[in-house]
Amino acid sequence: MLRRCSGYPVCVIFKGFRLSLDKMVGEPVNVNEFQELAREALPKMYYDFYAGGAEDQYTLKENVEAFHRIMIRPRILVDVSRIDMSTTVLGYKISAPILIAPTALHKLAHPEGEVATARAAAACKTIMVLSFTSSCTVEEVASGCNAVRFFQLYVYKKRDIAAVLVQRAERYGYKALVLTVDTPRLGRREADIKNKMVAPRLKNLEGLLSIEADSDNGSNLEAYANETMDASLCWKDIEWLKSITNMPILIKGVLTGEDAIKAAEVGVAGIMVSNHGARQLDYTDATINVLEEVVHAVGGRVPVFFDGGVRRGTDIFKALALGAQAVLIGRPVIFGLAAKGEYGVRQVIQMLKDELELTMALSGCPSVKDITRRHVRTERERLHAML
């Protein structure tokens, strides 16, 4: 018989013996299985904060499901006895085209927070983008490991806050700035409103900002963001940002060819196709559906990176085939961290690397540069072929 046992997930009872199903299943065999481990490990408020999206969560589902409608076209009789997944990002060599996306408040998932995540990035020889809303300071993360790190930036109404944080990041060896541009206001995340989500104070802002946001009608995270975010930020402010840093600037939150062209024109070092993990505006397209439009608009002038819905090595392969130089992963990292700390993050990245390596071998691609547009067929192409 099945029974839920105290302190365990569902258990199986056989004549007085008790064995939890998660022990029967054993270690996770794919990234998706970490999500359920995280659900078991985290308080509901924090799990919902990490897992949830905006409003009806249509785009949240589509970010993942849109990948399922893209088919791979493998090539045969290619020598794939050696697979090289390495690539470069802004001149930095990484072991595979997988970066850690900026995600907030890792200490809600694990006591070591972003320091543990950064150590995992270093062990996996990849790049971590530290979130502006990190629960560890830029200095703590920098001293915790020797990974190549980028710093994500939001711009607040008090512009001097951005300047101070950028200078701190540059001083402590962060190699690039990732400006997130899709958040003039915070998206409506209804799970956080229902849970009355209370976010801890941001460590990087200690001594720089003090706002007590009223959260009687929802999450204090939403109230805080609406008090602080600079809704006036626009294209001309890229020049201001360039004037306060020598770090290359990547722009995160591009979803159209028109904005990709503008980004290239103002001289950013790279573009990240992202809908903020479907946490901002619901009913935007899944990012994989707009990736190719952005790639074509840029025309090779700057590298294009991809963020949103990656859960399999096949997803990474598809994004690379459609023109991304590398992908960023967010929620899977958080779920791995919540389940098993630094080791969980390393497992998540390694699983994706292993799946990508297998996909490349079975598709006839011995290196990342061998993955081409002809290796995938989109839903639109399949429908057109049926006409």
Side-chain angles (χ1 to χ4, degrees), residues 46 50 88-96 98-156 160-180 199-210 241 244-250 252 269-270 272 326 328-350 353:
Y46 296 163
Y50 289 131
T88 58
V89 172
L90 300 188
Y92 299 100
K93 187 172 182 178
I94 56 177
S95 61
I98 305 167
L99 284 67
I100 294 180
T103 48
L105 301 170
H106 288 203
K107 280 193 176 181
L108 298 184
H110 188 273
E112 294 184 329
E114 288 81 2
V115 172
T117 306
R119 287 199 303 260
C124 295
K125 299 180 181 177
T126 191
I127 295 169
M128 175 185 179
V129 184
L130 180 67
S131 173
F132 179 92
T133 50
S134 166
S135 46
C136 299
T137 65
V138 294
E139 294 85 359
E140 288 170 336
V141 174
S143 63
C145 73
N146 60 355
V148 175
R149 298 172 306 277
F150 296 171
F151 181 66
Q152 180 225 14
L153 181 70
Y154 291 109
V155 175
Y156 279 8
D160 57 330
I161 291 174
V164 168
L165 287 175
V166 168
Q167 289 159 9
R168 281 167 56 186
E170 193 162 4
R171 187 181 315 127
Y172 278 85
Y174 291 73
K175 302 302 184 184
L177 199 60
V178 176
L179 177 65
T180 296
R201 292 182 180 276
L202 302 178
K203 289 277 288 183
N204 280 316
L205 297 182
E206 288 180 356
L208 296 176
L209 182 70
S210 177
L241 194 56
I244 64 172
T245 184
N246 293 317
M247 289 186 288
I249 297 168
L250 297 93
K252 180 175 179 285
M272 293 184 175
L328 293 92
I329 53 172
R331 285 185 180 91
V333 165
I334 288 290
F335 296 148
L337 183 67
K340 299 186 177 187
E342 176 189 341
Y343 177 65
V345 177
R346 291 170 65 169
Q347 274 191 296
V348 163
I349 297 171
Q350 191 60 51
K353 288 172 68 173

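Computed from heavy atoms alone, side chains included, the values below leave out hydrogens, waters and symmetry copies.
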**Item:** Euclidean distance, Ser95 OG relative to Gln350 CD, rounded to 0.5 Å
**Value:** 8.0 Å
**Prompt:** Between atom CG of Leu328 and atom CD1 of Ile98, what is the distance when rounded to the nearest 0.5 Å?
**Reply:** 10.5 Å
**Asked** Can you check whether Leu90 reaches Leu250 side chain to side chain, under 4.5 Å on heavy atoms?
**Response** yes
**Item:** Donor-acceptor contact present, side-chain Arg331 to main-chain Tyr50, <3.5 Å
**Value:** yes
**Request:** Please say whether more than 12 non-hydrogen atoms of neighbouring residues, nucleotides or ligands are located less than 6.0 Å from CZ in Arg119.
**Result:** yes
**Pairwise side-chain contact, Val129 with Ile100, heavy-atom cut-off 4.5 Å (strictly under)** = no
**Request:** Spell out, as yes or no, whether a donor-acceptor pair under 3.5 Å connects the side chain of Thr245 to the backbone of Val166.
**Result:** no
**Message:** If I compare all heavy atoms of Ala104 with all of Ile334, which pair ends up nearest, and what's the gap?
**Reply:** O-CD1, 4.5 Å
**Spatial distance of atom CG (Leu177) from atom CD1 (Ile249) [nearest 0.5 Å]** = 6.0 Å
**Complete:** Closest heavy-atom pair, Ile244 versus Ala163, reported as atoms and distance to 0.1 Å, is CD1-CA, 3.8 Å
**Message:** I need the Leu208 CG to Leu202 CG distance, nearest 0.5 Å.
**Reply:** 10.5 Å
**Complete:** Smallest heavy-atom separation, Leu337 atom then Thr117 atom, equals CD2-OG1, 3.7 Å
**Prompt:** With distance as the sole test, does Asn204 use its side chain to make a donor-acceptor pair with the main-chain N or O of Val138 at under 3.5 Å?
**Reply:** yes
**Message:** Looking at every non-hydrogen atom in both residues, tell me the closest pair between Ile127 and Ile94 and how far apart they are.
**Reply:** CG1-CG2, 3.7 Å
**Message:** As an exercise, state the distance from CD of Gln152 to CG of Leu130, rounded to the nearest 0.5 Å.
**Reply:** 8.5 Å
**Message:** What I want to check is whether the side chains of Lys203 and Ser134 have a donor and an acceptor closer together than 3.5 Å.
**Reply:** no
**Prompt:** Do other residues, nucleotides or ligands put more than 12 heavy atoms under 6.0 Å from the NZ atom of Lys125?
**Reply:** no
**Complete:** Applying ring pair (Phe, Tyr, Trp, His ring centres under 6.0 Å) to Tyr154 and not counting sequence neighbours gives Phe132
**Prompt:** Glu114 and Ser131: side-chain donor and acceptor closer than 3.5 Å?
**Reply:** no
**Asked** Are Glu112 and His106 close enough that some pair of their side-chain heavy atoms sits under 4.5 Å apart?
**Response** no
**Request:** Step by step, work out the side-chain contact (heavy atoms from CB on, under 4.5 Å) result for Thr126 and Val148.
**Result:** CA-CA 7 Å; Thr126 191; Val148 175; over 6 Å; no
**Request:** Report yes if the side chains of Tyr156 and Leu205 come closer than 4.5 Å at any heavy-atom pair, otherwise no.
**Result:** yes
**Atom pair SG/CG of Cys136 and Leu105 - distance to nearest 0.5 Å** = 10.0 Å
**Asked** Would a distance-only check, ignoring hydrogens and angles, find a side-chain to backbone donor-acceptor pair under 3.5 Å from Arg149 to Tyr172?
**Response** yes
**Request:** Provide the full list of salt bridge (Lys or Arg N to Asp or Glu O under 4.0 Å) pairs with a residue in residues 168-179, sequence neighbours left out, each pair given once.
**Result:** Glu139-Arg168
**Prompt:** Quick one: does Ser135's side chain have a donor or acceptor within less than 3.5 Å of a partner on Lys107's backbone?
**Reply:** yes
**Fill in**
Closest non-hydrogen contact found for Ala147 with Ala118 is CB-O, 3.9 Å
